[in-house]
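For ligands, and for the atoms within them, numbers begin at 1 and follow the listed sequence.
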Amino acid sequence: MTSAVMNSKRYIGNIEAPFIQEMSEVTHLMWSLGWDELNGGNISYLLDEAEVKKYINIHESLRTIDLTFPVTELAGKYFIVTGSGKYFRNVIKDPEANLGVLRVNEHGKSVEILWGLREGAVPTSELASHFMSHIERLKVDPTHRIVLHTHATNVIAMTFTHDLDELKLTKTLWEMCTECLVVFPDGIGVVPWMVPGSSEIGRATADKMKEFRVVIWPQHGIFVTGPMMDATFGLVETIEKAATIYNLIGVREVKQSITDQKLADLAAAFRVSPKEGVLEL
Ligand code: 2HA
Ligand code: ZN
């Protein structure tokens, strides 16, 4: 078979890859929710070699990109990522230009592009935060796969008016809808405002990921992690819903609420353990 034929075959197969479909669908959905304006937001998704191999020639690297931060723990691992400066709105129209499949090299010092990121594009500007978060989440959850960053509108708004104390923020979110405690009993981490795209914010975020699946970047957005796209998207959707209710209530008088006792009853009924220190009983 000539390489031209192989390439055209590969290209047709690629677009059908379930992981490309999932990335296309979720980026479109998030853009349509208004969370990912312009080039806002980024996703990285850890893939199994066996799954990648079905759709992509893993023996042929298109390009190599050096990392400014070593990730030896991720050596040999495959990811699909959104591209730096790429718009979520455009992913579904042209996945190959806006997404990339890559493999971390054996020393964890560079990544090999195996598919996508056409025309010299590079992985997300938040790759440091993504990779460092993957490392920490994999230590606490071997089923972990996804890191998703988005500019969820109401979460951002809430970080202007609410105390940024993790326990207080967690409690407020739990109080906003009955399901919240059940969905994220482990609570929400927060880092201070920092310059995005840096290794420093990557380290700070990953440090929180030792304890939390969710980390808020004040006045910027949210990082959410999980083993599957549906559940990871669902987590940010639930938190954004709670933040929306918080913002809708605003400064109006609250006449009834979900008390700490009700939250404790809920946790018992759904057999979840609320993060220590949040409820006062
Ligand atoms: O531009 O969201 O944090 C993508 C971002 C940076
Ligand atoms: Zn961002």
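- In this structure, a donor-acceptor pair under 3.5 Å is absent between the side chains of Thr124 and His130.
- Taking the Zn ion (ligand 2) as the apex, the angle formed with NE2 of His151 and NE2 of His220 is 100°, to the nearest 10 degrees.
- Using a 3.5 Å distance cut-off with no hydrogens or angles, the side chains of Thr150 and Asp36 do pair a donor with an acceptor.
- Residues passing the side chain to side chain contact (heavy atoms under 4.5 Å, CB included) test with Ile58 are Glu49, Val52, Lys53, Tyr78, Arg103, Leu114, sequence neighbours excluded.
- Between Phe19 and Tyr55, the ring planes lie perpendicular to each other; the angle is over 60°, past the 30° to 60° tilted range.
- Ser133 places a side-chain heavy atom less than 4.5 Å from the side chain of Met209.
- The aromatic rings of His149 and His151 sit perpendicular, their planes meeting at an angle over 60°, well past the 30° parallel limit.
- Contact residues of ligand 1 (protein heavy atom closer than 4.0 angstrom to a ligand atom; sorted by chain and number): Asn39, Gly40, Gly41, Asn42, Glu126, His149, His151, His220.
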